[in-house]
Amino acid sequence: PYATQQATMRAKTADALAHGHTIDVVTVQFGANDLFVVAEAPGFLDKTPARQQAEVGAAIAQLQQNYVGILGEVRTLFPHAEVYVLGYHNPYG
């Protein structure tokens with residue numbers, strides 16, 4: 001029932017630019033939700049380890065495509081902005 005984060009980014013960008021604002025710094029963090037959808041799907045833990053690995057691998061492959069697409073869009077929208085891609089804390093360091 002919610003707009004995607006990408007749609008929200010586009011709307012907020014359009015609004016900011018319409019009000020004459022410049023966007024000089026962009027931060028991007030994504031990916032965790034894509035993996036949570038797979039791991040938290042009903043029945044995931046009942047699948048064989050091989051099937052779980054295949055589903056997680058497919059999610060990571062889709063994430064790679066999304067990553068390239070989103071960063072390409074960010075660079076197109078903000079050609080002169082500093083872009084920072086944030087990682088996630090690794091609790092298993």
Side-chain angles (χ1 to χ4, degrees):
Y2 301 103
T4 65
Q5 291 174 354
Q6 188 173 21
T8 300
M9 177 197 72
R10 289 173 179 162
K12 297 275 186 191
T13 297
D15 185 59
L17 296 176
H19 285 89
H21 299 291
T22 59
I23 299 171
D24 298 321
V25 177
V26 177
T27 59
V28 180
Q29 183 179 39
F30 56 91
N33 292 345
D34 299 312
L35 297 176
F36 289 149
V37 167
V38 173
E40 295 176 352
F44 179 78
L45 295 177
D46 296 330
K47 296 176 181 177
T48 66
R51 185 70 206 146
Q52 290 174 347
Q53 185 176 11
E55 290 182 12
V56 169
I60 290 172
Q62 183 63 51
L63 176 62
Q64 287 176 305
Q65 289 179 354
N66 294 346
Y67 190 85
V68 170
I70 290 168
L71 290 180
E73 182 174 358
V74 165
R75 183 48 66 208
T76 298
L77 289 170
F78 315 107
H80 303 292
E82 293 180 42
V83 178
Y84 297 92
V85 179
L86 307 176
Y88 291 92
H89 168 70
N90 180 359
Y92 307 108

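Quantities reported herein were computed from a predicted structural model and do not represent experimental measurements. Here, residue 1 is the first one in the sequence, and each next residue gets the next number. Just so it is clear, the values below take in all heavy atoms, side chains as well, and ignore hydrogens, waters and symmetry mates.
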Looking at residues at least two apart in the chain, or sitting in another chain, which of them share a side-chain contact (heavy atoms from CB on, under 4.5 Å) with Gln5?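 Scan of Gln5 (side-chain contact (heavy atoms from CB on, under 4.5 Å), adjacent residues dropped) gives Asn33.
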Separation of [Y] [atom2] from [X] [atom1] (nearest 0.5 Å):
X     : Y     : atom1 : atom2 : answer
Leu35 : Gln62 : CG    : CD    : 11.5 Å
Leu17 : His19 : CG    : NE2   : 11.0 Å
Met9  : Phe30 : CE    : CZ    : 10.5 Å
Asp15 : His21 : CG    : NE2   : 7.5 Å
Ile60 : Gln53 : CD1   : CD    : 9.5 Å

Which heavy atom of [X] sits nearest to which heavy atom of [Y], and what is that distance?
X     : Y     : answer
Asp34 : Ala59 : O-CB, 4.3 Å
Ala16 : Ile23 : CB-CD1, 4.2 Å
Gln52 : Lys47 : NE2-O, 3.5 Å
Thr8  : Ala3  : OG1-CB, 3.9 Å

* Asked: Is Leu45 reachable from Val56 through a run of I, L, V, M, F, W or Y residues, each pair having side-chain heavy atoms under 4.5 Å apart?
  ->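 Cluster IDs for Val56 and Leu45 match.
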Check your understanding: Is Val85 reachable from Val74 through a run of hydrophobic residues whose side-chain heavy atoms are each under 4.5 Å from the next?
Key ->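 Both belong to a single hydrophobic cluster.
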Query raised in the report: Given side chains that start at C-beta, do those of Val28 and Leu86 come closer than 4.5 Å, heavy atoms only?
Result: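 Val28 does not reach Leu86 side chain to side chain.
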Does the Arg75 side chain pair with the main chain of Phe78, one donor and one acceptor, at a distance under 3.5 Å?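 Flag set: sc Arg75 to bb Phe78 pair under 3.5 Å.
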Is the CZ atom of Phe44 crowded by more than 12 outside heavy atoms at less than 6.0 Å?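 Yes - once you tally the heavy atoms of other residues, nucleotides and ligands closer than 6.0 Å, there are more than 12.
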>> Under a 3.5 Å cutoff, is there a donor and acceptor pairing between the side chains of Tyr84 and Glu82?
In response: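 Result is yes, a qualifying pair exists.
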